[in-house]
Protein chains: 2
Amino acid sequence: MITIKEVAKYADVSVATVSRVINNKGYVQAETRQKVEEAIRLLNYRPNNVARSLFKKQSKMIGYIVPDITNPYFPQLVRAVEDVTVKAGFTTFLCNSDDDLQKEQMYLEKMLENHIDGVIIVSNNIEARHLENIHLPIVALDRVFHEKIPSVTIDNYDGARRAVMHLLENGCKKIAHLKGPEIIENSNLRKKAYEDVMEENKLPIIIGAGNYQFKDAEMTMKSLLELHPDIDGVFAGNDVMAVGVLKALNRMRIHVPEQIKLVGFDGIEWTETVSPEITTIAQPIYDMGKKAATMLMERINGQAVGEDHIVLETELKVRETTNNGKF
Amino acid sequence: MITIKEVAKYADVSVATVSRVINNKGYVQAETRQKVEEAIRLLNYRPNNVARSLFKKQSKMIGYIVPDITNPYFPQLVRAVEDVTVKAGFTTFLCNSDDDLQKEQMYLEKMLENHIDGVIIVSNNIEARHLENIHLPIVALDRVFHEKIPSVTIDNYDGARRAVMHLLENGCKKIAHLKGPEIIENSNLRKKAYEDVMEENKLPIIIGAGNYQFKDAEMTMKSLLELHPDIDGVFAGNDVMAVGVLKALNRMRIHVPEQIKLVGFDGIEWTETVSPEITTIAQPIYDMGKKAATMLMERINGQAVGEDHIVLETELKVRETTNNGKF
DNA sequence: CTGTTAGCGCTTTCAT
DNA sequence: ATGAAAGCGCTAACAG
C-alpha cells in the first residue's frame, strides 16, 4: 500500500503538500501540483480513508437498518438511499434487523465503532430512549420514533381510509380486512381506518389476522370465505397479502373483480405482475428513501438540523381488481 | 467520545493494559481486569474501530457489489451474505452497480480506500484484468471472471437443457425462447442450451429478444404469438420474463398449461405468487450467497486460498404451468 | 507557497 | 504483570 509519505518522497515535496493537492485545499503552485499528481498516478496512490476518518472523525459512511431486504417493500427504499448518498460521496452499510431490537442495537453499536456519520432506520422496536446515547444524525423512515427525531413517513390512516372508501364506491357492502401484525404501528393504523369507515357506514366488520406474509394470507382468505361466503370486497393490509388473497381467489375460481373486489397497500411491483392487476394505495417508496437520505445528508453536513417530519402523499392506483371494465 | 486513554486514567492503569483487556490478549491480573472492565462499563466506552483498522490494516468490513438490489433475484443473495458475515463479526457494504463497469470500478476504489477486507462481486463486465491491482480476497458470484478468482455459480447450460427437455417431455413441439441480454453470459448459455436441444430434436427455433425485464417480456410474447400462433411451449430466459409471458398469455385468454406450457429460470418468489404457478429451474440462491460469503471469510482469515470454483445444483420445480392436472 | 510537527485512538514491541 | 513509547496514514495548525 502506497502512502502519502512515499508520494511525497517521490515528488520531492512534503506530505503536507501532497495532502493539499489531494484535498484541493490551500495553496499549491501549479508546477508543484503537477509533480505531485504525476507521482500519484505513477505510484497508483490511493488515499487511505481509514486514516482520514481517524483524524476527521467522520468516515463518509452511513448506516442503514431495515427489517429484511428480502421483503419486496425494501429494495427500492434501499436503492433510493444508495443513489443519493453515493452521489454525495458516501458509502452505505446495509443491515437486516429482522425487526429484532437486539440486532438493531448490535448494529447501532457496530456503526458507532466504525465512526459512521449518520444512520437511517426502519424499525418498529426502536424508541427514543434506545437512541439516547447515540449522538449521531438519525432519520426514521416509514415510522416516527419521537418528535425529536426527524422522519419520513406516509399517512397510513388516510391511505387506508381511501382504500376502503374506494371499495364502498364500487358497491361493496361486505368488506373484509386482512390486518397485519399488531407490533407494526402502520398496520394498526390501517386497521383502525378500516374499522372507522365501516362503522361510519354501519357496515359489518370482518377481520382476518394476517402477518404481512404471502402464504398465510392465502390461507386466511380461504377460511374467511368459509365463514362469510358473501364477502364482496377485501382490503388487505399490505400488497404482499393482497397477492396472497388474489391467489386464493383465483384458485377458488372466484372472479375478481366481478364477485369480489380487492385493494392492497404499498404499491410494490408484485401488484402489477399478477392477473388481474391489483388496485392499491401506492406509497412513493423511492421518493421516501430519497427524501430520508437527503435529510440525512443535510444533517451530516450541518446544513439542516431539527425535527422535520415529512409526510408524503399516497396515491390510489385503480387497477383491475376494482375495475369491472378493464380486465 | 470516550477513548482508551480516559478509561486508562479512570481505572488508573496504562492504555496498554486497557488494550489487553478489551482484546483479551496478554497477561492481565484478574483484579486489574476487573477495575478496567468496571471503568469501561461506567464510562460506556466503545473501542474505535477506525483507529483499530488503521493499525491492523484490516477493517472487519466487506464489500458487496451487485447490479441492482431492485431486481428480485438479488435480495436473497444479499441477505445470505449478510447472515454469514455478520456472524463472523463483519459488516457489509452494499453497492449497486447497474452492471456498469465505471460504477463497479468506482466502488472498488472506494473499498480499497476504506481498507475493506474482501469483496463479493456479481458482475458481467469485470474481467481479471480489472482486478489486477486489487490485492484483496475476492469471490465472484453467479459468474466466473477468471480461473484464478474463486467463484460460486450454477450450471446454466445444464439447467436450461433440462427446462427445454421438460417442455419436450410434456408434448410441446413448437417451443419459443425469450432470450436475455447478450452481454449477460448466463443468458447466452441458456439460449445456447435451448438451441442445442431444439436442433437435436429437429425442431424449429423461435427466439424472442428479451432483456430480463418484465414489461418487455409481455410485449415480446404478444408479437411472438402473432408471428407464430401455434407456439405450444415457452422457455423464458429468467423468471421475471416468465412472469411477463404469463401475464401476456392470461390477458390473451390463452390457457396455461393447456394451450401453452411455460418454464422459467432462477426460482424467484414471483413464480409462486402468480396463477398458475410457474415451473422453473430453481437456483439455490440463498445457498449461493452463503457459500460465497463463507469462501470469502475463509480467505480473509487465511484458512483457505486458491481458486475454488463451486458449481451448485439447480432444481427443476414442476409447477402448474407445465402440469395439466393441478391447476 | 511549502515544510515541520503534533496528534487522531489504538496496538504492540520492549523494558521493567 | 504492567507501563512507556513508537507508529499506523493522514490532516491542520504553525512557522517560515
Side-chain angles (χ1 to χ4, degrees), chain A residues 1-40 43-61 89 109-117 135, chain B residues 1-40 43-61 89 109-117 135:
Chain A
M1 175 121 245
I2 304 293
T3 70
I4 200 172
K5 224 163 161 179
E6 302 174 65
V7 176
K9 190 151 82 179
Y10 191 97
D12 201 28
V13 296
S14 74
V15 293
T17 304
V18 177
S19 177
R20 287 191 190 96
V21 350
I22 61 186
N23 292 296
N24 237 317
K25 214 180 210 173
Y27 302 99
V28 184
Q29 210 153 13
E31 216 178 314
T32 317
R33 155 164 282 126
Q34 288 242 320
K35 265 201 310 187
V36 173
E37 280 168 349
E38 181 76 4
I40 288 176
L43 297 177
N44 192 22
Y45 166 75
R46 221 182 290 293
N48 180 333
N49 195 45
V50 176
R52 216 176 236 176
S53 300
L54 180 59
F55 185 91
K56 305 243 252 170
K57 285 145 178 331
Q58 63 142 322
S59 59
K60 286 281 183 179
M61 305 190 297
E109 293 246 328
K110 280 216 165 183
M111 289 177 185
L112 252 22
E113 289 172 11
N114 281 292
H115 265 250
I116 275 273
D117 295 332
H135 302 290
Chain B
M1 174 121 245
I2 304 293
T3 70
I4 200 172
K5 225 164 163 177
E6 303 174 63
V7 175
K9 190 151 81 180
Y10 191 96
D12 201 28
V13 295
S14 75
V15 294
T17 303
V18 178
S19 176
R20 287 193 190 95
V21 349
I22 61 185
N23 292 295
N24 238 316
K25 215 180 212 172
Y27 301 99
V28 185
Q29 210 150 14
E31 216 178 316
T32 320
R33 155 165 284 126
Q34 288 243 320
K35 264 199 312 188
V36 172
E37 280 168 349
E38 181 76 5
I40 288 177
L43 298 176
N44 192 24
Y45 166 73
R46 221 184 290 294
N48 180 332
N49 195 45
V50 177
R52 218 176 234 175
S53 299
L54 180 59
F55 186 91
K56 304 243 250 170
K57 285 148 181 326
Q58 64 143 317
S59 60
K60 286 278 183 183
M61 305 189 296
E109 293 247 327
K110 280 216 166 186
M111 289 178 184
L112 251 21
E113 289 173 10
N114 282 292
H115 264 250
I116 276 273
D117 294 332
H135 302 291

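A quick note: this is a predicted structure, and the numbers were derived from the prediction, not measured.
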| message | Suppose we screen for salt bridge (Lys or Arg N to Asp or Glu O under 4.0 Å). Which residues come up paired with Glu109(B), at least two apart in sequence or across chains? | response | Arg46(A)
| task | Would you please name every residue forming a salt bridge (Lys or Arg N to Asp or Glu O under 4.0 Å) with Glu38(A), sequence neighbours left out? | result | Arg41(A)
| request: Specify the angle, to 10°, made by the local axes at the two ends of the helix from dC1(C)-dG16(D) to dT16(C)-dA1(D) when five pairs are taken at each end. | output: 40°
| request: At under 4.0 Å between heavy atoms, which parts of nucleotides 8-16 of chain D does protein reach? Answer with one letter per nucleotide, 5' to 3': B base, S sugar-phosphate only, - none. | output: BBSBBB---
| Do Asn24(B) and Arg33(B) touch side chain to side chain, with heavy atoms closer than 4.5 Å? | yes
Got a sec, which residues hit side chain to side chain contact (heavy atoms under 4.5 Å, CB included) with [X], two or more places apart in sequence or on another chain?
X: Ile40(A); result: Val7(A), Val21(A), Ile22(A), Val36(A), Tyr45(A)
X: Lys35(B); result: Val13(B)
X: Glu6(B); result: Ile2(B), Thr3(B)
X: Tyr10(A); result: Ala39(A), Leu42(A), Leu43(A)

| task | Nearest 0.5 Å please: distance from the CG atom of Leu112(B) over to the NE2 atom of His135(B). | result | 9.0 Å
| task | Look up atom CD in Glu37(A) and atom OG1 in Thr32(A), then write down how far apart they are to the nearest 0.5 Å. | result | 10.5 Å
| query | Across the strands shown, which category fits Ser53(A) at heavy-atom distances under 4.0 angstrom: base, sugar-phosphate, nothing? | reply | nothing
Can you give the donor-acceptor pairs under 3.5 Å from side chains of residues 49-61 of chain A to other protein atoms, not counting sequence neighbours?
from     : atom 1 : to        : atom 2 : distance (Å)
Asn49(A) : ND2    : Ser59(A)  : O      : 3.3
Asn49(A) : ND2    : Asn114(B) : OD1    : 2.5
Arg52(A) : NH2    : Asn23(A)  : OD1    : 3.4
Ser53(A) : OG     : Asn49(A)  : O      : 2.7
Ser59(A) : OG     : Met61(A)  : N      : 3.3
Ser59(A) : OG     : His115(A) : O      : 2.7

| Taking any atom under 4.0 angstrom from a heavy atom of chain A, which nucleotides of DNA chain C are the first and last to qualify, 5' to 3'? | dC1(C) to dG9(C)
